Amino acid sequence: MSYEPVLLKHVGCPDSQTLDYYCRHGGYRGLRNALEMSPSEVVEMVKASGLRGRGGAGFPTGLKWSFLPKDHPGPIYMCVNADESEPGTFNNRILMENDPHQVLEGIIISCYATRATTAYIYIRYEYGRCYRVLEKAISECYAAGYLGKNILGKSGFDLDVYLHRGAGAYICGEETGLIESLEGKRAWPRIKPPFPAVEGAFRKPTVVNNIETLACVTHILARGVDWFKSLGVPPDPKNPRDLGSYGPKLYCVSGHVERPGCYELPLGITAKQLIEEYAGGVWKARRAKAVIPGGLSMGFLSASELDTPLDFNGPVKAGCLGLGTAAVIVIDDETSMIDVLYNSCRFFAHESCGQCTPCREGTAWSVKILERIRRGKGTRDDLDILLEIANGIGIIPGTTICGLADGAAWPIKTALTKFREEFEDAVRKGVKSKLGQQSFSVATRSEIL
Amino acid sequence: MTILRYILWLILLALVGCSSKESSTAPDTPAKQKVDNQPPQSIIGKMRETQMRLVSQNNLRNIGIAYMIAAQTGPVMGPADLGSDVKLVCPRDNQPYEIIWGVDVTRLPSGGRHLLLAWEKTPDADGGRCVLMADCTTVSYMTAQEFATAPRAHGRR
């Protein structure tokens, strides 16, 4: 497949972080186009493009913007979700580190469209370099008149952008958890409604968008709706509710592949194509046993499901939670799925904020059960209990406030249904994990920084 | 030390209590004037009404967002589809909002911004009421005449 990258076009180029470089290569053209339109026209344009959020849920961006009250006296806030904590995901980091002005242009356009006068970039604590690069880029924007009062001479269009370092937890990436954390509180997700568009940060209307989503907005305004819709997958005519999966997508490939990395491709490429044609295939000439299609919380595809298109519908049809962040993690055929699932459960148990009992208890007990299985002491009943836990926690069964529990449940559900034999075999034979109990170390903050 | 602190607090409270009693009996103290300068009851009622209207409009906005989110995956046939946390009762009259169920808000001509989707059951003292249009985002206040002539979205049961 021949495709000219757009979002990653300047990645790796010297000085790609500077305003001078960005403007020399056609930067801020989208913003100039936007300022010639009214804010509502920009919203309509983004709606018409079919852009769906790249952060995980895939909600239509233009529609999300239109939820903001039209007659609100303000202030309206824009929160940029750069917390990027989903395991396997690193596309936001690449965008922020290498092309910060592309992101900032998207933020400015989005704030113009939504009439937001303040934008907070909530950046993952561990992303120290991103913070420094963005800090410099924001200063350049203020100096050049892209931020501040009357931006580019547009009377009444004022915008201030603030960088806010995250609190170092997975839950801070949840929309309302992020808002709570931004307000200086513990990042406990809020009950919705009120939705952030009605009552968000500091009890004012707020829109929360992901970094990649905003980078796409830049190109929609610069290149037009037709260009955006020429990429990706149109809606399924058999499904009247399908919104299609348009535009470019940054696929993060990691795990057991020869060439892990971030690949920009139109939405809809299959997992097999992505792994074989771009990521160099499964490492050490092995075969794939399972593939996580969009970040750990989406569940697993089995080897027989690798022809699944990685658009907003494909993984759902294959029993996964969704496309998520399109972080593809490949697991080879020599890896124990019990170890993989244990690692997943440990992560979610560690990251559960503890606010909802089903999530706090469910994730913790799933780790204990998997520990028992890994010690060779598991029973068949343990597998049923694990499934019962997974079916009972999350927004979908209606027992939790946020989707963390759904993200914890889906790997369990898909692993136990698609790799049932391996689990039953391990339980029957009492096989101990070859990796031991302390195989997955959690890096300390000082190690990361 | 703690006991001493309690005693000091008690003395302080007693002093404050004495002084407030004195001031309330004095006819020309600032506190008394403040009571006299309070806005008339009619204005307080109007302020309360405006506040109620804002709360009700936010409730309708939340209903709209929940309706649209639910409509992305299937027809919205009743309160259960909106989720358990959506407020479906108007704070002004404690009556449930009138909502047209089963409207496919994702595929309405012109986005449904001219069609009524939900509204307050009873009118306010002026005869108007807050309404939510079928684009699920527009919330406005309609006079009795506007409301009577506004077209309703077509639902299905």
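On a predicted model such as this, the values are computed, not experimentally measured, just so you know. Letters A, B, ... are given to chains in the order of the sequence lines, protein chains preceding strands, and every chain is numbered from 1. Computed from heavy atoms alone, side chains included, the values below leave out hydrogens, waters and symmetry copies.
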* **Segment of B/Asn59 engaging chain A (4.5 angstrom heavy-atom cut-off)** => neither
* To do: Would you tell me whether B/Glu120 and B/Ser56 have side-chain atoms, one donor and one acceptor, within less than 3.5 Å of each other?
  => yes
* To do: Anything under 30° is parallel, anything over 60° is perpendicular, the rest tilted; go ahead and classify A/Phe202 against A/Tyr120.
  => tilted
* Asked: Is NZ or CZ of A/Arg52 both nearer than 6.0 Å to the six-membered ring centre of A/Tyr246 and within 45° of the ring axis?
  -> no
* To do: Please state whether the side chain, the backbone, both or neither of A/Pro69 comes within less than 4.5 Å of a heavy atom of chain B.
  => both
* Considering only heavy atoms, which portion of A/Asn239 lies under 4.5 Å from any heavy atom of chain B: side chain, backbone, both, or neither? -> neither
* **Pair A/Lys192 + A/Glu175: basic N to acidic O under 4.0 Å** => yes
* To do: Look at B/Ile65, B/Asp104, B/Thr138, B/Ile69 and state which one has the largest set of heavy-atom pairs under 4.5 Å with chain A.
  => B/Ile65
* Among the listed options B/Ser140, B/Gly83, B/Ala71, the residue most often paired with chain A at heavy-atom distances under 4.5 Å -> B/Ala71
* To do: Can you tell which part of A/Lys64 gets under 4.5 Å to a heavy atom of chain B, answering side chain, backbone, both or neither?
  => neither
* Is a side-chain donor-acceptor pair under 3.5 Å present for B/Asp81 with B/Tyr67? -> no
* Structure fact -> Heaviest contributor of heavy-atom pairs below 4.5 Å to chain B, chosen from A/Leu63, A/Leu243, A/Ile191, is A/Leu63
* Structure fact -> Bottom line for A/Leu68: the part with an atom under 4.5 Å from chain B's heavy atoms is neither
* Side-chain H-bond candidate by donor/acceptor type, A/Glu174 with A/Thr176, under 3.5 Å -> yes
* Answer yes or no on whether A/Arg115 is positioned over the face of A/Trp65, meaning its NZ or CZ is under 6.0 Å from the six-membered ring centre and within 45° of the axis. => no
* Structure fact -> Whatever's closer than 4.5 Å to a heavy atom in chain A on B/Ser84 counts as neither
